[in-house]
There are 2 protein chains.
Amino acid sequence: MKSTIPEAGAPIAQSASGNGIDRQEASLHGETLLRLRDYVVEGNIPEGARVPERQLCQMLGISRTPLREALKVLAAEGLIELLPNRGARIRQLSQRDLEELFDVMAGLESLAGRLACEAITDEEIVEIERLHYKMYGHYLHRDMQGYFQINQRIHESIVTAARNETLRTAYANFAGRIRRVRYSANFARKRQRWAEAMREHEAILDALRRRAGSELSDILFQHLRNKRTAAIEHLAEARDATAATAAEG
Amino acid sequence: MKSTIPEAGAPIAQSASGNGIDRQEASLHGETLLRLRDYVVEGNIPEGARVPERQLCQMLGISRTPLREALKVLAAEGLIELLPNRGARIRQLSQRDLEELFDVMAGLESLAGRLACEAITDEEIVEIERLHYKMYGHYLHRDMQGYFQINQRIHESIVTAARNETLRTAYANFAGRIRRVRYSANFARKRQRWAEAMREHEAILDALRRRAGSELSDILFQHLRNKRTAAIEHLAEARDATAATAAEG
DNA sequence: AATATAAAAAATGAATGCAAAATGAGGCTG
DNA sequence: CAGCCTCATTTTGCATTCATTTTTTATATT
């Protein structure tokens with residue numbers, strides 16, 4: 001297999017993709033970091049593959065110095081690995097790694113829910129209710145894509161309502177790591193859990209309305225835990241399938 | 001005021017201080033990262049002060065390239081700030097930043113407690129009980145220093161018992177940011193909250209024995225929340241005092 | 001033919017060089 | 001004497017260069 005990196009020399013512009021993790025768009029290093037992070041998160045380089053410095057330099061139209069700085073940061077964020085004298089590789093997450101990640105996400109959302117109950121306004125709750133019913137519509141129409149998007153927005157709204165930028169940043173970081181897997185594994189939610197997830201969302205909204213922090217915290221943790229189970233199962237199947245295909249070919 | 005950075009040219013050796021955040025001790029960049037992180041966390045550079053590249057290079061006996069790579073990582077970790085064309089400064093945490101940090105720590109410990117209840121062994125519980133009674137001894141003898149050390153070990157034991165390396169790493173990162181403030185503000189626990197904290201620790205141990213995950217989660221969050229209140233108050237006083245002293249002199 | 005070995009090529013890690021920007025000293029003006 | 005401008009110095013950001021290490025390719029050996 002050859003490289004997956006385009007040859008184009010589109011130099012760095014004002015992309016400012018703002019994923020909430022970082023914001024030094026001014027410097028070449030900062031731009032590179034933002035673009036490269038998105039590039040990796042979107043699954044443009046396969047798991048375990050090398051991150052070819054020279055090629056990326058050409059692609060981004062920069063020298064190796066700022067690129068390498070960005071790579072060090074991405075390594076610290078857990079998206080890539082740095083092997084001594086062997087450069088950077090896209091970090092391959094084991095099943096265990098994924099379980100851990102999901103649990104940390106569960107912990108962060110659980111925290112977000114608790115904090116949100118302290119700070120959320122009535123207007124924000126109304127907005128989440130609106131999203132909730134819209135999502136319910138997608139559920140009724142069996143529109144998984146639409147459902148999934150709204151679902152994500154609801155969770156983000158809760159994190160926002162927590163009024164804690166530190167939490168939001170950490171959340172974005174871990175979400176990015178999981179998103180990378182989702183992209184590359186072509187993840188989809190399992191249908192069988194759909195009804196259950198919908199019920200859990202009812203409970204989330206209910207606890208939020210009552211601003212029952214510790215209860216919401218519990219529900220959110222369990223909700224994410226169930227997501228985790230489904231995701232891990234799905235991923236295991238996907239990997240088995242890939243392995244089988246590889247064995248055939 | 002002059003620089004706070006020693007002139008000595010002690011080159012980088014096999015320090016390997018292993019704080020659990022990072023582990024590329026092999027490369028010059030990795031070593032630099034470890035040493036510089038400790039250096040900053042231990043409060044060797046005052047808040048808001050510039051991080052002079054050249055001086056640090058001399059101190060560490062390296063060139064600017066690996067140093068700057070380390071600086072980018074520390075900035076991503078939230079220990080320093082990078083101002084465009086003005087280099088790095090030690091990040092100054094506002095009271096709000098600290099509140100946020102404490103809440104995130106509370107969330108992580110709360111999560112750790114929940115996970116620990118799923119995975120902890122009887123032997124680990126016995127060990128935590130041992131620490132608990134040792135800490136109680138320090139409490140009875142009014143030995144704050146000893147109390148504080150054991151207290152920290154108990155919390156670390158719970159994080160360890162959670163069996164989640166991703167969580168442990170994130171925990172270490174946030175703990176470092178708070179520790180930096182603690183070092184530089186010469187933080188001490190308030191006596192008045194001592195008895196209350198001790199009671200909370202009783203409840204923690206009790207919930208852990210019963211492996212009551214969601215209950216322990218609640219107790220730990222509240223415990224850290226109370227810590228937060230005490231810490232913020234203390235810091236506000238300390239800052240007021242500093243400001244007053246500065247105004248006098 | 002398969003494996004082992006050696007030379008060539010490429011990549012990495014770090015130091016150095018250079019242009020642009022910021023800082024600071026000194027002098028000028030009001 | 002405060003405030004502002006000018007210019008030298010320092011610092012920063014990035015590109016480039018250099019020494020090693022790794023990877024690939026070519027050759028030799030069994």
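Only heavy atoms go into these numbers, but all of them, side chains included; no hydrogens, no water, no symmetry mates. Lettering follows sequence order; numbering is per chain, from 1.
Taking atom CZ of A:R68 as the reference point, atom C1' of C:dA11 lies 10 Å away to the nearest angstrom. With rounding to whole Å, B:I62 atom CD1 is found 11 Å from C:dA15 atom C1'. Taking atom CD of B:E53 as the reference point, atom P of C:dA21 lies 17 Å away to the nearest angstrom. One atom, CG of A:L28, and another, C1' of C:dA20, lie 14 Å apart when rounded to the nearest Å. Summarising the geometry, the separation between CG on B:L67 and P on C:dT16 is reported as 14 Å, rounded to the nearest angstrom.
Each end of the helix from C:dA1-D:dT30 to C:dG30-D:dC1 gets its own rotation axis from five pairs of C1' atoms, and the angle between them is 10° to the nearest 10 degrees.
The list of salt bridge (Lys or Arg N to Asp or Glu O under 4.0 Å) pairs with a residue in residues 100-113 of chain B, not counting sequence neighbours, reads B:R96-B:E100, B:D103-B:R225, B:D103-B:R228.
Every residue two or more places apart in sequence or in another chain was checked for a side-chain hydrogen bond (donor to acceptor under 3.5 Å, both in side chains) with A:N164, and none qualifies. A:A119 is linked by a side-chain contact (heavy atoms from CB on, under 4.5 Å) to A:R163, counting only residues two or more places apart in sequence or in another chain. Partners of A:D97 under the side-chain hydrogen bond (donor to acceptor under 3.5 Å, both in side chains) rule, at least two apart in sequence or in another chain, are A:S94.
Nucleic acid contact class of A:R54 (heavy atoms, under 4.0 Å, all strands): sugar-phosphate only. Residue B:L83 is classed as a sugar-phosphate contact, given heavy-atom separations below 4.0 Å to backbone atoms only.
Within the 3.5 Å criterion, the main-chain N or O of B:E77 finds a donor-acceptor partner in the side chain of B:R177. In this structure, B:E124 contributes its side chain and B:T121 its backbone to a donor-acceptor pair below 3.5 Å. The closest donor-acceptor contact from the side chain of A:E31 to the backbone of A:L28 lies at 3.5 Å or more, if one exists at all. Side chain of B:S110 to main chain of B:F221: no donor-acceptor pair is present (N/O by atom type, distance under 3.5 Å, no hydrogens or angles).
Interface remark: the B:S63 side chain does not form any donor-acceptor pair with the C:dA14 base, using a distance-only criterion of under 3.5 Å.
Taking a cutoff of 4.0 Å between a charged side-chain nitrogen and a carboxylate oxygen, B:R153 and B:E156 do not qualify as a salt bridge.
Running 5' to 3' along DNA chain D, contacts with non-hydrogen atoms of chain A at under 4.0 Å begin and end at D:dC14 to D:dT23.
Mapping B:G87 and A:N85 onto DNA chain D by nearest heavy atom places B:G87 at the nucleotide closer to the 5' end.
In this model, the phosphate group of C:dT23 is approached by a side-chain N or O of B:R86 to a distance below 4.0 Å at OP1 or OP2.
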